[in-house]
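Only heavy atoms go into these numbers, but all of them, side chains included; no hydrogens, no water, no symmetry mates.
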Amino acid sequence: MNTHTRTRPAHRWPFYAMTLILVLAAYLRIHDLNAQGLWGDEGWSLWLARGDSARDVIMLMVDDHHGPEWQLMLRGWEALVGGSVVALRYLPVLFSVTSVALLYRLGRALFNPAAGVWAALAFTLMDKHVVLTQEVRHYAIVFFFMITIALFYVRWRERPTRANALGYVLFSVLGVYLHYYCTLVNLAIGLHALITLRDRQQWTRFIIHNTAIVAAFAPWLMVAIMQYIQTPVDDTVLTTLGWPFDRKTLDIMSVDMLGTPVALNGLLLLVGTVGPFFNVPGPMRRIPRPRRMASTLLVALWFALPIVISVAFHKRYPLLTDRNIAFILPAAALLIGFGLTAFERFGRAWIIVLIVVNGLGTTSSFFLKPPWREMAADIAANYPAGEPVLLDVEGAHGALWYQLKLALPDENPDTILAKPVEHADKVVSLYDYRKRYGYFFLPNVKAWIDQTDGLWMPYWGDEFKKHDVIDLLALEGFVRTGTLTYHHHDSTIYAHRYDRLSSLETPLAVFSTPDKSAAVELCKIALPDHAAPGANASIQLWWHADTPPPVDYSVSVFLLDESGQLRAQHDGFPANGSAPTSQWTPDRFIFDGHVLALPGSLPPGTYTVGVKLYTWWDGVVLPTTGGADYVTAGTITITG
């Protein structure tokens, strides 16, 4: 009789558990992936990825403080999937989910399968990991490389094959070109080898492997040194970009990294660190003492080094940040997973349930991003074609620049990251111009101003301190005709509308009140030449009144076909309700944008755009001085 050896079901549970964990990891990272627009750091990733060749991108990164690998990866991904924000964010998502699987393999190699599974679960539920994954940034990819480097090192220690050695060297080189902090896992490995590696032949090979890593980084080494030497660091930079080393920072970062309550994961992490010294009741005790001590030492060094390095140099460079400290997350998850194996089955099950419920039911790390996407959409809806947009939003310029390039109707999304051509991009970063042109900053801005009668100027800052471009616009005869207001935390962000006064002084039409006491001047109209059925047609109006009308009039912008039938309409108070006519002043010109939602069934042809004023409560129309009920603003050709 033939007998077959059956695999015990218990040996298969890690596979099923990891399948569920990976599904959960993917869901948590994809859910709300596009809920917010880009923020400043994501904008920098894209700003530094511009160029028509790898050389263009690398030359831009010379002046940054990272290696060029992330930008090159980003350009390749953008060429593959397109430039939408959500598509770009899928790159770190893929690496993040893969990192969860690799962390299981690392935990299994260091400790046992159970430790690997619970480490992967802890890593999956870490809010900080999710937050960093849902950005067009490289942090999730750094996690991937750090885990892979450690995994190849552990495998090489067990089986010193060429494949494991090559994997260790290759991913170490890729890691350092990706982010300099990635070398901290190599430093932890070096210290670990110094303490635990006894075989002289292995030591020789280990030195050769790390020499190869240094040699591969040598072409960029001087660039990296110059990046840090030439980075201007003063008290303002340290306090703006870095965090102080105090109790408040400790409290914030502990919650940010370990979740709330900190004691839950914090105590498990502590058990995972000190548990190997004791005879614990769980499966941890079945791991040979030398192995669990050596494995815990490696992970503890990995956990400690980002903290030690960031704190030690935080007064010289702004290294003490939540994102640099976040490189402890894989190590923290490993220690938490290993700590869970210190408990017997019943107690461990209850703790795991508590971790899952708490992880899914609480949010310990969340980043509210500035409203650049919303601002870009509003400007695009009120944008006369061909005008420049001057961005004066400090270091956040890259995020708003990219969002505008996606939103503006006359921009080509396929060429956003092409090599910039001098004075060709109508979305102008004043932050970049200030750095690039220095004393010649204002003349270069004036070159843009001289080409236009109107522009949008997003502004973030204090006008009492930063008003050089605002003063230049006034000198060049521009007046502020409108402002869009946004709020981010405790600060206010503006999108100012400026128009040349001389282009508004001759009215196109005048609407007169019944008693002739006030006259409303329609000074200027801008509308597109063409539009497609189902699209939005943006119509811009400019108003003025020497004497404010006694009541608040509504503005109606409408579309008529050749037979005079109404086909589309938008009504509202001027400037989306922010400039009611009764509050106008003689020295003020009013920018007023309207968007006509064109029906999808609109047949091709030429359509007339009309504008009228009326009182909303009774529908009485304010006639023009010529007695007409409305003004013909122009025509739009609807294409098929």
Out of curiosity, [X] [atom1] to [Y] [atom2], how far, rounded to the nearest 0.5 Å?
{"X": "L38", "Y": "W401", "atom1": "CG", "atom2": "CH2", "value": "10.0 Å"}
{"X": "I336", "Y": "F123", "atom1": "CD1", "atom2": "CZ", "value": "11.0 Å"}
{"X": "S172", "Y": "F152", "atom1": "OG", "atom2": "CZ", "value": "10.0 Å"}
{"X": "L48", "Y": "L60", "atom1": "CG", "atom2": "CG", "value": "6.0 Å"}
{"X": "M146", "Y": "S99", "atom1": "CE", "atom2": "OG", "value": "11.0 Å"}
{"X": "I351", "Y": "F346", "atom1": "CD1", "atom2": "CZ", "value": "11.0 Å"}

(request) Please list, chain by chain and in numerical order, all residues satisfying salt bridge (Lys or Arg N to Asp or Glu O under 4.0 Å) with D41, sequence neighbours excluded. (result)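 Scan of D41 (salt bridge (Lys or Arg N to Asp or Glu O under 4.0 Å), adjacent residues dropped) gives none.
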Listed partners of R105 passing salt bridge (Lys or Arg N to Asp or Glu O under 4.0 Å), at least two apart
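Applying salt bridge (Lys or Arg N to Asp or Glu O under 4.0 Å) to R105 gives none.
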Item to complete: In sequence, state the C-alpha distance, the side-chain angles, and the governing distance for L297 and R292, and then conclude on side chain to side chain contact (heavy atoms under 4.5 Å, CB included).
Response: CA-CA 8 Å; L297 175 62; R292 70 179 188 238; over 6 Å; no
Heavy-atom side-chain contact between [X] and [Y] under 4.5 Å:
{"X": "H129", "Y": "T124", "answer": "no"}
{"X": "F145", "Y": "V173", "answer": "no"}
{"X": "L110", "Y": "R291", "answer": "no"}
{"X": "Y177", "Y": "H66", "answer": "no"}
{"X": "W156", "Y": "Q202", "answer": "yes"}
{"X": "L360", "Y": "L24", "answer": "yes"}
{"X": "D322", "Y": "W243", "answer": "yes"}

List in chain and number order the residues that pass side chain to side chain contact (heavy atoms under 4.5 Å, CB included) with [X], two or more places apart in sequence or in another chain; answer none if no residue qualifies.
{"X": "I208", "result": "T204"}
{"X": "A115", "result": "F111, N112, F338, T341"}
{"X": "E158", "result": "V154"}

Quick check: are there more than 12 heavy atoms from other residues, nucleotides or ligands sitting under 6.0 Å from CZ of F367?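 Yes, CZ of F367 has more than 12 neighbouring heavy atoms, counting only those of other groups under 6.0 Å.
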Looking at [Y], is its backbone amide N or carbonyl O close enough to the side chain of [X] to form a donor-acceptor pair, meaning the two atoms are under 3.5 Å apart?
{"X": "R50", "Y": "A418", "answer": "no"}
{"X": "E78", "Y": "L88", "answer": "no"}
{"X": "Q71", "Y": "V57", "answer": "no"}
{"X": "T249", "Y": "P244", "answer": "yes"}
{"X": "R198", "Y": "I195", "answer": "yes"}
{"X": "R75", "Y": "L417", "answer": "yes"}
{"X": "T273", "Y": "L269", "answer": "yes"}
{"X": "R373", "Y": "A35", "answer": "yes"}
{"X": "D56", "Y": "K419", "answer": "no"}
{"X": "E42", "Y": "V136", "answer": "yes"}

Any side-chain donor near an acceptor of the partner, [X] and [Y], under 3.5 Å:
{"X": "S45", "Y": "W70", "answer": "yes"}
{"X": "D256", "Y": "S365", "answer": "yes"}
{"X": "S364", "Y": "D127", "answer": "yes"}
{"X": "N186", "Y": "T183", "answer": "no"}
{"X": "Y181", "Y": "S310", "answer": "yes"}

Can you confirm whether or not the ring centre of [X] sits under 6.0 Å from the ring centre of [Y]?
{"X": "H65", "Y": "Y180", "answer": "no"}
{"X": "H179", "Y": "F327", "answer": "yes"}
{"X": "F206", "Y": "W203", "answer": "yes"}
{"X": "W372", "Y": "W39", "answer": "no"}
{"X": "F95", "Y": "F144", "answer": "yes"}
{"X": "H397", "Y": "W47", "answer": "yes"}

**Item:** Y228: ring pair (Phe, Tyr, Trp, His ring centres under 6.0 Å) partners, not counting sequence neighbours
**Value:**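 Applying ring pair (Phe, Tyr, Trp, His ring centres under 6.0 Å) to Y228 gives Y317.
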(message) For I147 and Y104: C-alpha separation, side-chain torsions, deciding distance, then whether side chain to side chain contact (heavy atoms under 4.5 Å, CB included) applies.
(response) CA-CA 10 Å; I147 295 168; Y104 160 72; over 6 Å; no
Which heavy-atom pair separates [X] from [Y] by the least distance, and what is that distance?
{"X": "A396", "Y": "W460", "result": "CB-CZ3, 4.1 Å"}
{"X": "G275", "Y": "V280", "result": "O-CG1, 3.9 Å"}
{"X": "A193", "Y": "R157", "result": "CA-NH1, 4.3 Å"}
{"X": "E69", "Y": "G175", "result": "OE1-N, 4.4 Å"}
{"X": "G242", "Y": "P318", "result": "N-CB, 3.7 Å"}
{"X": "I325", "Y": "L320", "result": "CD1-CD1, 4.0 Å"}

Practice item. Verify side chain to side chain donor-acceptor pair (under 3.5 Å) between Y168 and N210, making sure each step is shown before the conclusion. Key: CA-CA 9 Å; Y168 171 73; N210 285 279; 3.0 Å; yes
Point to revise | side-chain contact (heavy atoms from CB on, under 4.5 Å), paired with N358, selected from V356, I355, T362 | key: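 When V356, I355, T362 are each tested with N358, the side-chain contact (heavy atoms from CB on, under 4.5 Å) holds only for T362.
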Residues C182, I149; criterion side chain to side chain contact (heavy atoms under 4.5 Å, CB included); working and verdict:
CA-CA 9 Å; C182 198; I149 292 166; 4.0 Å; yes
Practice item. For side chain to side chain donor-acceptor pair (under 3.5 Å), just list the numbers for H192 and Y153, CA-CA rounded to whole Å, side-chain angles, deciding distance to a tenth of an Å, and then say yes or no. Key: CA-CA 11 Å; H192 181 264; Y153 167 71; 2.9 Å; yes
Exercise for the section: Give a yes or no on whether a salt bridge exists between R323 and E135, defined as a side-chain N under 4.0 angstrom from a carboxylate O. Expected result: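 A salt bridge is present here (some side-chain N lies under 4.0 Å from a carboxylate O).
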Item checked: NZ or CZ of R316 within 45° of F313 ring axis and under 6.0 Å ->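 No; the conditions do not both hold, so R316 does not lie above the ring face of F313.
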Requested in this report: Go through F217 and I213 one step at a time and tell me if the side chain to side chain contact (heavy atoms under 4.5 Å, CB included) criterion holds.
Outcome: CA-CA 6 Å; F217 186 65; I213 296 169; 5.7 Å; no
